[in-house]
2 protein chains.
Amino acid sequence: MSTKQRILDASLQLFNDLGERKVSTNAIASHLDISPGNLYYHFNNKQAIIYQLFLRYEARVLDVLQVPTDRSLTITDKVRYLQAIFAGLWEYRFLHRDMEHLLHDNAELHARYQQFFRHCLARVADILRGLAAAHILRIDEQDIDGLALNTWIVVTSWFSFLRCNLLQHDDDSLSPELLQGGIYQVFMLEQPYLTDAYREHMTQLQRQFMPRPEWLSTTQS
Amino acid sequence: MSTKQRILDASLQLFNDLGERKVSTNAIASHLDISPGNLYYHFNNKQAIIYQLFLRYEARVLDVLQVPTDRSLTITDKVRYLQAIFAGLWEYRFLHRDMEHLLHDNAELHARYQQFFRHCLARVADILRGLAAAHILRIDEQDIDGLALNTWIVVTSWFSFLRCNLLQHDDDSLSPELLQGGIYQVFMLEQPYLTDAYREHMTQLQRQFMPRPEWLSTTQS
DNA sequence: GCATTTTTAGAGTGATTACTCTAAAAAGTC
DNA sequence: GACTTTTTAGAGTAATCACTCTAAAAATGC
């Protein structure tokens with residue numbers, strides 16, 4: 001594999017494990033047993049590494065968020081979307097961990113990210129319209145944008161939420177399993193809009209993603 | 001005013017304006033025309049300043065999130081809760097801007113924050129139960145925790161969302177007016193649970209917090 | 001007015017880190 | 001094998017920043 005790719009892979013891994021801020025370019029180089037000069041031969045600066053990783057992430061997400069044109073959506077699609085999106089978020093989790101800082105320091109990334117956001121939001125809205133067309137949801141057009149936006153917020157904030165509110169301080173073990181609770185919360189957003197025909201089925205499905213009860217029960221505290 | 005208070009006030013202002021990370025302790029001192037030594041006489045370290053500011057924030061929020069015991073909740077309460085919470089978020093907006101980093105570097109704050117979170121979540125759930133008891137919402141007990149959690153996520157992520165997705169890169173002018181859209185989104189979460197008696201009234205109320213349409217419409221992009 | 005405590009100034013320090021510079025090694029070309 | 005280009009090494013640098021240290025000034029108590 002080319003040095004450039006190895007730098008990107010190592011950066012991604014270190015960023016994900018430790019957070020972008022805690023990983024110096026020298027650390028990336030020494031992790032790969034190459035010199036800082038070598039790293040800077042391939043990338044003009046740290047931001048360029050992050051930008052390339054974002055492009056990977058973007059491609060991955062947009063690839064998932066396609067709405068089929070030849071058939072109507074099913075509940076299976078819904079689950080598949082969410083699992084794939086959360087898997088992508090997991091793979092590039094350093095991004096949303098510190099998005100504000102990354103964007104503040106990088107105007108080019110900021111512009112691209114905002115375009116990406118608008119694109120995603122439109123796709124999510126299209127998916128919701130597709131679910132409505134398939135009589136899975138019953139929702140007014142005027143509510144679709146709001147629901148799509150809430151979905152975006154919950155999805156992109158989920159890992160941050162976990163790390164801040166549910167993980168012990170010394171415990172860095174954010175695991176893919178913890179994704180499940182995020183999927184549950186997104187189902188929760190859509191649940192009230194389910195048509196009677198699908199309500200029973202979805203409720204049962206949603207239960208599979210139920211967060212462990214000791215987590216978040218408000219009744220006993 | 002005591003030097004200690006002046007340090008806290010100046011820190012809050014600078015943190016809010018520039019982000020905690022971009023504000024050095026030396027910068028706080030020189031902003032107040034005092035020496036770094038003086039600052040460190042009053043606070044052992046930067047984290048201690050942040051911790052004290054968090055305590056202020058916590059007290060402010062918990063003061064707002066009271067459920068009246070002598071009467072049932074009204075729609076006016078609902079609006080008042082949201083406006084007061086968002087005002088508090090605004091006043092201490094540096095906190096949620098970089099919460100993960102702040103907590104990672106400060107175990108004591110992390111523990112306190114998690115306790116605060118659980119407390120808030122329970123209060124939000126109580127408010128939802130109160131709204132159900134007042135026949136404003138119709139919601140199953142088993143859905144309350146999930147709705148409360150989504151409310152927490154949307155509320156605490158709103159400013160971050162604005163800065164990442166809606167503000168121009170050179171534009172630091174996050175304004176209190178932009179809060180309104182956050183309130184709209186929280187209404188959006190609860191809207192499907194409204195009883196018929198209140199649906200009309202709330203929908204009209206919600207419209208007042210409507211984000212400007214060019215913002216987030218998915219229909220024209 | 002003297003003694004003690006509290007508050008302040010301000011120079012300095014050690015650690016970190018993104019990035020540079022020079023030159024050597026390796027790879028490719030003919 | 002001579003050359004050109006690409007890739008690499010690694011020492012170094014300038015800036016930043018949280019925090020320390022010493023000693024002077026100010027406030028307080030009696």
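Fair warning: this is a prediction, and the values are worked out from it, not measured in the lab. A note on names: the letters A, B, ... follow the listed sequences, proteins ahead of strands, and every chain is numbered from 1.
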ask   = With a 4.0 Å cut-off, would you call A:Glu100 and B:Arg97 a salt bridge?
value = yes

inquiry  = Using whole Å, what does the distance between atom P of nucleotide C:dT17 and atom CG of A:Asn45 come to?
reply    = 17 Å

message = Counting the atoms with a prime plus P, OP1 and OP2 as sugar-phosphate, which does B:Thr25 contact under 4.0 Å by heavy atoms, base, sugar-phosphate, or nothing?
response = base

key: Opening and closing nucleotides of DNA chain D in contact with chain A, under 4.0 Å to non-hydrogen atoms   = D:dT6 to D:dG10

note = By nearest-nucleotide position on DNA chain C, the 5'-leaning member of A:Gly37 and A:Ser24 is A:Ser24

remark   = Result for 5'-nearest mapping on DNA chain C, choosing between B:Asn26 and B:Thr3, is B:Thr3

inquiry  = Using whole Å, what does the distance between atom C1' of nucleotide C:dT17 and atom CZ of B:Arg21 come to?
reply    = 15 Å

ask   = Got a donor-acceptor contact below 3.5 angstrom from the B:Tyr81 side chain to the B:Gln66 backbone?
value = yes

message = Please check: side-chain N/O of A:Trp158 versus main-chain N/O of A:Leu178, any donor-acceptor pairing under 3.5 Å?
response = yes

ask   = Atom CG of A:Asn44 to atom C1' of C:dT20: distance rounded to whole Å?
value = 12 Å

inquiry  = Regarding A:Asp98 and B:Arg21, does a basic nitrogen lie under 4.0 Å from an acidic carboxylate oxygen?
reply    = yes

ask   = So, B:Asn165 side chain and B:Phe161 main chain: donor-acceptor pair closer than 3.5 Å or not?
value = yes

task = Indicate yes or no for a side-chain donor-acceptor contact from B:Gln180 to the backbone of B:Met210 under 3.5 Å, with no hydrogens or angles considered.
result = no

inquiry  = Closest-nucleotide mapping onto DNA chain D: is B:Asn38 or A:Asp33 further toward the 5' terminus? I mean the 5' end.
reply    = A:Asp33

